[in-house]
Amino acid sequence: MKEKSAPGLNFIESIIENDLKNGKNDGNVVTRFPPEPNGYIHIGHAKSICLNFGIAGKHGGVCNLRFDDTNPGKEDVEYVDSIKQDVKWLGFDWGERLYFASDYYETLYEYALKLIKKGKAFVCELTPEQIREYRGTLTEPGKESPFRERPVEESVELFKKMKSGDFDEGSHVLRAKIDMKSGNLNMRDPVIYRILKAHHHRTGDKWVIYPMYDFAHGQSDSIEGVTHSLCTLEFEDHRPLYDWFIKELEIFAPRQIEFARLNLNYTVMSKRKLLQLVEAGLVSGWDDPRMPTVSGLRRRGFTPESIRDFADRIGVAKRDSTVDIALLEHCVREDLNKRAKRVMGVLDPLKVVIENYPEDKEEELEAINNPEDPDSGTRMVPFSREIFIEKDDFMEDPPKKFFRLSPGKEIRLKHAYYIKCVDVIKDENTGEILELRCTYDPKTRGGWSEDGRKVKGTSHWVSAKHAVPIGVMIYDRLFTEENPGSSDKELPDLVNPDSLNVLNGSLGEPSLKNAKPGEYFQFLRQGYFCVDEKLSSSDKQVFNRTVSLRDSWAKLGKKRG
RNA sequence: UGGGGCGUGGCCAAGCGGAAAGGCAUCGGUUUUUGGAGCCGACAUUCGGAGGUUCGAAUCCUCCCGCCCCAGCCA
């Protein structure tokens with residue numbers, strides 16, 4: 001059915017507003033985020049989290065956090081812990097409503113019994129292979145199991161024996177009795193309980209039979225009173241099954257609404273592939289800053305605000321789509337521009353000696369912390385005769401439109417003085433530029449000139465004797481192909497060999513010594529950085545580059561070829 | 001040859017019978033002690049295609065084309 005919507009609402013909100021208007025659920029809105037604890041969550045999950053918690057919040061409802069833990073073999077507390085941490089970090093609060101499908105095992109078992117007694121489920125002794133054969137194909141109907149019409153009492157007995165551990169794994173399953181000829185394969189007498197003699201991370205060894213996801217998810221929603229069950233497109237043809245269970249069980253009926261999952265270019269979103277990256281050592285772990293996992297993004301320096309903003313901007317719809325990673329980058333830049341403290345760090349240092357600056361003179365220059373934030377104040381930065389500037393900020397033989405330093409040219413040192421390059425010292429053999437000799441104009445202290453003389457370029461710098469060595473990690477997209485998920489190549493061959501560039505010779509202004517994890521920085525003219533807690537040590541801070549600044553000079557270079 | 005979905009600019013996405021919002025990207029200009037940020041402007045005569053209904057269609061109807069999902073005792 002088509003629902004009218006107010007502008008600015010996505011189609012799901014429109015449906016909910018309509019339900020509210022029609023007085024459904026007594027005006028309540030209950031949603032839930034239902035991860036399986038079998039891996040770390042990624043930005044695609046973040047979309048779902050923002051959607052579910054966002055909608056509940058917007059309509060005066062609540063959102064539960066429920067773990068759909070129905071497959072003990074693949075699940076682990078490590079994952080439930082990381083997921084809880086990530087949801088919290090994203091800024092959402094499930095209050096007291098932390099649930100697990102395993103909380104409902106007893107109820108689900110009773111539900112199954114009810115179905116059997118109604119003649120709507122039966123214990124089947126076909127082998128897994130036989131069940132597959134009997135299922136039919138996409139174009140041919142399936143065949144009914146020979147056990148389908150066995151007496152209700154027999155199924156009840158058998159199911160109880162399954163539960164008490166009398167049978168081996170794979171020997172018996174409980175199946176719903178629906179329609180082997182349905183065009184929807186989910187309705188062809190689906191398995192709803194199987195024997196799994198596995199240790200469960202929460203129920204231990206109490207159970208040897210476990211409900212299938214399809215027999216747990218919808219009922220869990222129902223038990224929790226979830227009014228709107230939001231899930232991804234691939235569950236669209238499971239909906240008739242869920243509705244069937246709800247109807248036969250005569251329990252509260254949530255409304256399921258499906259939306260398209262998030263795809264991002266130059267990365268992968270499938271848990272299987274992310275796991276493969278981790279296990280093959282292609283990345284350092286789930287929280288490698290190149291990973292699209294929430295933990296990876298956090299370590300990379302993304303803010304929760306920027307991720308929520310991103311989720312807002314990509315919208316919610318049913319069409320398969322791939323969002324440009326540039327949008328995510330735009331969201332962090334916008335957020336960090338307002339809040340990141342500006343500091344100076346020289347990634348690839350080139351020594352500069354200011355010949356007319358007194359040998360032992362030192363001075364402290366005032367530097368503004370963030371021009372975008374008037375409340376951020378200033379700090380003092382030491383200056384002396386020998387400094388380092390960025391190697392890229394000098395060219396001996398510059399092309400047109402190069403506004404930086406070159407022989408005879410004058411630039412401004414941010415917060416400091418104008419300097420002019422008077423000599424270039426090179427290695428006699430290699431020709432490599434070792435050092436620049438410059439002069440400064442004492443009348444330009446602070447970076448202003450009284451005579452109104454203009455300089456085109458401004459460079460960042462650090463004082464040689466005051467600078468602190470820092471480690472810098474420069475990241476680039478993890479994959480070389482825009483859509484690695486649909487490539488024929490193997491994952492290892494798709495990984496961008498330049499996705500990680502470790503810089504060891506970088507120097508930072510002294511204040512960086514006290515940089516703390518969780519602080520956001522902008523290294524002037526370069527990008528946004530944060531302290532990597534894992535890589536930093538007491539004697540050397542290591543910074544991750546979250547994202548570069550937009551760079552119109554680099555863009556010109558690309559145009560030039 | 002079954003069932004379920006989806007097709008609006010390079011990428012997302014509004015639109016719900018009165019005549020193409022917005023964001024990102026891109027390209028100009030302006031401003032600037034970050035070639036950053038900001039500001040201003042440009043960017044679909046057209047909505048997968050073809051017919052039809054209508055005074056009027058991206059919106060309704062018909063047919064066609066394309067893409068995605070489903071044959072786990074995974075979720």
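Every chain is numbered from 1, with letters handed out A, B, ... down the list of sequences. Please read these numbers as outputs of a predicted model, since none were measured by experiment.
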Taken to the nearest whole Å, CG/A/Asp324 to P/B/G9 is 15 Å
Applying a 3.5 Å limit to both distances, which nucleotide forms a Watson-Crick or G-U wobble pair with B/C39?
B/G29
In B/G72, glycosidic geometry as syn within 90° of 0 or anti otherwise:
syn
Sequence-distant partners of A/Phe122, ring pair (Phe, Tyr, Trp, His ring centres under 6.0 Å), two or more places apart
none
Contact state string [nucleotides 30-38 of chain B, B base, S sugar-phosphate only, - no protein heavy atom under 4.0 Å]:
---BBBBS-
Starting at CD1 of A/Ile15 and ending at P of B/C16, how long is that distance when rounded to a whole Å?
17 Å
Do A/Phe235 and A/Tyr213 come within less than 4.5 Å of each other through their side chains, counting heavy atoms only?
yes
Paired with B/C60 by Watson-Crick or G-U wobble geometry, both distances under 3.5 Å: which nucleotide is it?
B/G52
Would you measure the distance from the P atom in B/G23 across to the matching atom in B/G18 and give it in whole Å?
24 Å
Expressed as a whole number of angstroms, how long is the span from A/Leu9:CG to B/C16:C1'?
13 Å
B/A21 and B/G72, which share atom name P, separated by this distance in whole Å:
48 Å
Side chain to side chain donor-acceptor pair (under 3.5 Å) partners of A/Ser270, counting only residues at least two apart:
none
Could I get the full list of side chain to side chain donor-acceptor pair (under 3.5 Å) partners for A/Glu366, not counting sequence neighbours?
A/Thr378
Carboxylate-amine/guanidinium contact A/Lys143 A/Glu133, below 4.0 Å:
no
Would you say B/C12 has OP1 or OP2 under 4.0 Å from some side-chain N or O of A/Arg319?
no
Pair A/Lys391 + A/Asp348, salt bridge at N-O below 4.0 Å:
yes
Complementary nucleotide of B/G7, counting Watson-Crick and G-U pairs under 3.5 Å
B/C65
For A/Asp393, salt bridge (Lys or Arg N to Asp or Glu O under 4.0 Å) partners two or more places apart
A/Arg404, A/Arg525
Could you measure between the two C1' atoms, the one in B/A58 and the one in B/A25, and give it in whole Å?
24 Å
Treating primed atoms plus P, OP1 and OP2 as sugar-phosphate and everything else as base, which nucleotides of nucleotides 69-75 of chain B get B, S or - for protein heavy atoms under 4.0 Å?
BBBSBSB
SB check A/Arg239 A/Asp243 (cutoff 4.0 Å):
no
Provide the distance between the two P atoms, one in B/G4 and one in B/C64, to the nearest whole Å.
16 Å
Taking atom P in both B/A37 and B/U26, compute the distance separating them and give it to the nearest angstrom.
10 Å
Going by the rule salt bridge (Lys or Arg N to Asp or Glu O under 4.0 Å), which residues pair with A/Asp309 if we only count those two or more places apart in sequence or in a different chain?
A/Arg313
Numerically ordered, the residues 257-276 of chain A set in heavy-atom contact under 4.0 Å with RNA chain B is none
Find the partner of B/U34: check Watson-Crick (N1-N3 plus N6-O4 or O6-N4) and G-U wobble (N1-O2, O6-N3) distances, both under 3.5 Å, and reply none if neither fits.
none
Just how far, in rounded Å, is P of B/G4 from CG of A/Asp243?
14 Å
In Watson-Crick or G-U wobble terms, both distances under 3.5 Å, what is the partner of B/A21?
none
Measure CD1/A/Ile314 against P/B/A14 and give the value in whole Å, please.
11 Å
Residues at least two apart in sequence or cross-chain that pass salt bridge (Lys or Arg N to Asp or Glu O under 4.0 Å) with A/Arg453, listed by chain then number, are A/Glu410, A/Asp441, A/Asp451
What's the CG-P distance between A/Leu51 and B/A13, to the nearest Å?
13 Å
Give the intermediate values and the outcome of side chain to side chain donor-acceptor pair (under 3.5 Å) for residues A/Asp214 and A/Tyr242.
CA-CA 7 Å; A/Asp214 277 349; A/Tyr242 303 161; 2.8 Å; yes
Can you list the residues that meet the side chain to side chain donor-acceptor pair (under 3.5 Å) rule with A/Asn52, with sequence neighbours excluded?
A/Ser48
Are any of A/Lys555's side-chain N or O atoms less than 4.0 Å away from OP1 or OP2 of B/U26?
yes
Without decimals, in angstroms, what is the distance between A/Phe11 CZ and B/U59 C1'?
18 Å
With sequence neighbours left out, which residue pairs that include part of residues 179-198 of chain A fulfil the salt bridge (Lys or Arg N to Asp or Glu O under 4.0 Å) condition?
A/Arg148-A/Asp189
Who pairs with A/Lys163 by salt bridge (Lys or Arg N to Asp or Glu O under 4.0 Å), at least two apart in sequence or on another chain?
none
Using the C1' atoms only, state how far B/G7 lies from B/G49, rounded to an integer number of Å.
11 Å
Say you pick atom P in B/G41 and the same atom in B/A14; how far apart are they, in whole Å?
26 Å
Identify the nucleotide, in any strand shown, that forms a Watson-Crick or G-U wobble pair with B/G72, with both distances under 3.5 Å; if there is none, say none.
none
Would you mind reading off the distance between A/Leu327 atom CG and B/C24 atom C1', rounded to a whole angstrom?
5 Å
Between B/U34 and B/C6 - C1' atom distance, rounded Å:
45 Å
Would you mind classifying the nucleic acid contact of A/Val316 as base, sugar-phosphate or nothing, using non-hydrogen atoms under 4.0 angstrom?
sugar-phosphate
